[in-house]
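Here the structure is a predicted model, which means the values were calculated and not measured.
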Amino acid sequence: MVIYLIYASTSGNVEVTMEFIGKLLKKKGFEVFLSRSEKTAIETVLKNSLFVFGTSTWDHGKLNPFFANLYNEMQDQKFLGKQAAFVGLGDRRYEPILFCEGIIKVRQLWLRQGGEEIVSTLQVQGEPYSQLESIVSPWAVNLAKTWLEYND
């Protein structure tokens, strides 16, 4: 099974998290492609079926600007028959009500355009390094298990 991990990262936290998820999925037998959102053509989303989208939240609940072009292109597409999981990183100390709002916007767009969410959204508070094994790993293992069972 081929999975595209598409993400926006500026400080490197989302990138580290997505790379970690990618390594775990590879260990479970998936073929994984990591792709920065600003370098991802909409055709990649249209031609493939399984995705993990990841981003941070900026300013006052805004989408990471590196995700903006792809997000805008996704608004005109349909994602029927496509499955995705979502990873958001944020910091509650700035605006708790807008925690991980960036990935929530991507998820809402995906669902509105007919895509399916395969597992619940992973939300990581603060820097991910100390949470990779305790929070990210169990989520990624569950994602792999769910995809294997669902697409068997």
Side-chain angles (χ1 to χ4, degrees), residues 1-26 28 30-92 94-126 128 132 135-136 139-151:
M1 294 171 73
V2 176
I3 300 177
Y4 280 81
L5 280 68
I6 300 172
Y7 65 94
S9 187
T10 49
S11 65
N13 290 336
V14 175
E15 185 171 36
V16 164
T17 304
M18 297 296 276
E19 288 174 348
F20 184 82
I21 292 168
K23 287 177 186 173
L24 288 174
L25 292 174
K26 282 182 183 179
K28 297 291 183 181
F30 293 90
E31 186 175 356
V32 174
F33 293 94
L34 283 160
S35 182
R36 296 185 64 87
S37 58
E38 69 271 22
K39 295 180 179 180
T40 303
I42 190 64
E43 289 76 25
T44 299
V45 181
L46 297 175
K47 291 179 181 177
N48 295 285
S49 299
L50 305 178
F51 302 92
V52 178
F53 294 104
T55 188
S56 57
T57 301
W58 274 59
D59 201 14
H60 300 286
K62 294 180 182 173
L63 183 65
N64 182 312
F66 287 120
F67 213 113
N69 287 340
L70 183 60
Y71 180 86
N72 290 335
E73 290 178 329
M74 288 171 68
Q75 291 188 46
D76 298 326
Q77 305 301 324
K78 295 294 182 201
F79 304 119
L80 297 170
K82 297 179 184 293
Q83 300 172 348
F86 303 91
V87 178
L89 277 76
D91 197 330
R92 285 187 177 95
Y94 296 113
E95 292 189 56
I97 196 165
L98 299 174
F99 178 65
C100 291
E101 186 68 20
I103 199 61
I104 291 168
K105 289 178 185 207
V106 174
R107 178 187 170 273
Q108 289 172 338
L109 172 62
W110 182 260
L111 296 174
R112 188 171 57 246
Q113 300 305 97
E116 181 181 355
E117 180 179 26
I118 194 71
V119 297
S120 62
T121 301
L122 173 64
Q123 296 181 335
V124 179
Q125 159 63 32
L132 293 174
I135 294 173
V136 179
W139 180 88
V141 168
N142 181 55
L143 173 62
K145 179 182 177 217
T146 302
W147 253 326
L148 290 169
E149 290 172 355
Y150 193 88
N151 293 292

Visitor: Just how far is it from atom CH2 of W110 to atom CD1 of I103, taken to the nearest 0.5 Å?
Guide: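 Interatomic distance, W110 CH2 to I103 CD1, rounded to 0.5 Å: 11.0 Å.
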Visitor: Check side chain to side chain donor-acceptor pair (under 3.5 Å) between S35 and all other residues, then give those that pass, not counting sequence neighbours.
Guide: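 Testing S35 for side chain to side chain donor-acceptor pair (under 3.5 Å), a comparison that skips the adjacent residues, returns T40.
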Visitor: Only one of V16, V87, L24, T17 forms a side chain to side chain contact (heavy atoms under 4.5 Å, CB included) with V136, so which one is it?
Guide: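 Looking at V16, V87, L24, T17, the match for V136 under the side chain to side chain contact (heavy atoms under 4.5 Å, CB included) is T17.
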Visitor: For G54 and M18, which heavy atoms make the closest approach, and how far apart are they?
Guide: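 So the minimum-distance heavy-atom pair works out to N-CE, 3.7 Å.
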Visitor: Taking the side chain as everything from C-beta on, heavy atoms only, tell me whether L111 gets closer than 4.5 Å to F79.
Guide: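 L111 vs F79: side chains apart.
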Visitor: Does the pair Q113 and Q77 meet the rule for a side-chain contact (heavy atoms from CB on, under 4.5 Å), with working shown?
Guide: CA-CA 7 Å; Q113 300 305 97; Q77 305 301 324; 5.5 Å; no
Visitor: Does the side chain of L148 come within less than 4.5 Å of T146's, by heavy atoms?
Guide: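 No, side chains not in contact.
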Visitor: Apply the test side-chain contact (heavy atoms from CB on, under 4.5 Å) to residues F67 and F53: give CA-CA distance (whole Å), side-chain angles for both, the deciding distance (0.1 Å), then the verdict.
Guide: CA-CA 10 Å; F67 213 113; F53 294 104; 3.8 Å; yes
Visitor: Minimum heavy-atom separation for V14 to S9, with atom names?
Guide: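 Taking V14 first and S9 second, the nearest heavy atoms are N-OG, 3.5 Å.
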Visitor: Before giving the answer on side-chain contact (heavy atoms from CB on, under 4.5 Å), spell out for V2 and L50 the whole-Å C-alpha distance, their side-chain angles and the decisive distance to 0.1 Å.
Guide: CA-CA 7 Å; V2 176; L50 305 178; over 6 Å; no
Visitor: Checking D91 against Q125: is there a side-chain donor and acceptor pair closer than 3.5 Å?
Guide: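 The answer is yes; a qualifying pair exists.
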Visitor: Partners of N48 by side-chain contact (heavy atoms from CB on, under 4.5 Å), sequence neighbours excluded?
Guide: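 Partners of N48 under the side-chain contact (heavy atoms from CB on, under 4.5 Å) test: Y4, T44, F51.
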Visitor: Show your reasoning for whether side-chain contact (heavy atoms from CB on, under 4.5 Å) applies to E31 and I3.
Guide: CA-CA 6 Å; E31 186 175 356; I3 300 177; over 6 Å; no
Visitor: Do NZ/NE/NH1/NH2 and the carboxylate oxygens of K82 and E116 come within less than 4.0 Å?
Guide: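 No.
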Visitor: In the structure I gave you, are the side-chain heavy atoms of T57 and F99 within less than 4.5 Å of one another anywhere?
Guide: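 With C-beta onward as the side chain, the pair stays apart.
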Visitor: Distance from K23 atom NZ to L132 atom CG, nearest 0.5 Å?
Guide: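 Reported to 0.5 Å precision, the distance equals 10.0 Å.
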Visitor: For K28, look at atom NZ and say whether over 12 heavy atoms of other residues, nucleotides or ligands are found less than 6.0 Å away.
Guide: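 No, the 6.0 Å shell around NZ holds no more than 12 heavy atoms from other groups.
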Visitor: Check R36 with E15, please: is the shortest side-chain N to carboxylate O separation under 4.0 Å?
Guide: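 A salt bridge is present here (some side-chain N lies under 4.0 Å from a carboxylate O).
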Visitor: I need the L89 CG to N13 CG distance, nearest 0.5 Å.
Guide: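 Between L89 CG and N13 CG, I get 6.0 Å after rounding to 0.5 Å.
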Visitor: Taking all non-hydrogen atoms of both residues into account, name the closest pair between C100 and G90 and its distance.
Guide: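 So the two residues come closest at SG-N, 3.9 Å.
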Visitor: If we count only N and O atoms by modelled type, under 3.5 Å, do the side chains of W147 and Q83 hold a donor and an acceptor together?
Guide: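 Yes.
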Visitor: With a 4.5 Å heavy-atom cut-off, do L122 and F86 have their side chains touching?
Guide: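 A side-chain contact is absent here, since even the closest heavy-atom pair is not under 4.5 Å.
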Visitor: Rounded to the nearest 0.5 Å, how far does CE of M74 lie from CG of L46?
Guide: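 Reported to 0.5 Å precision, the distance equals 9.5 Å.
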Visitor: Any side-chain heavy atom of W58 sitting closer than 4.5 Å to one from P65?
Guide: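 With C-beta onward as the side chain, the pair touches.
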Visitor: How many angstroms lie between atom CG of L25 and atom CG of L5, to the nearest 0.5 angstrom?
Guide: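 So the CG of L25 and the CG of L5 are separated by 6.0 Å.
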Visitor: Which pair of non-hydrogen atoms, one from W139 and one from S120, has the smallest distance, and what is that distance?
Guide: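 That closest heavy-atom pairing would be NE1-O, 2.8 Å.
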Visitor: Do L70 and E38 have side-chain heavy atoms sitting under 4.5 Å apart?
Guide: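 Answer no - side chains too far apart.
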Visitor: Atom CG of L63 and atom CG of L109: how far apart are they, to the nearest 0.5 Å?
Guide: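 Separation between the atoms: 9.5 Å.
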Visitor: State which residues pass salt bridge (Lys or Arg N to Asp or Glu O under 4.0 Å) with K62; sequence neighbours excluded, sorted by chain then number.
Guide: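 Scan of K62 (salt bridge (Lys or Arg N to Asp or Glu O under 4.0 Å), adjacent residues dropped) gives D59.
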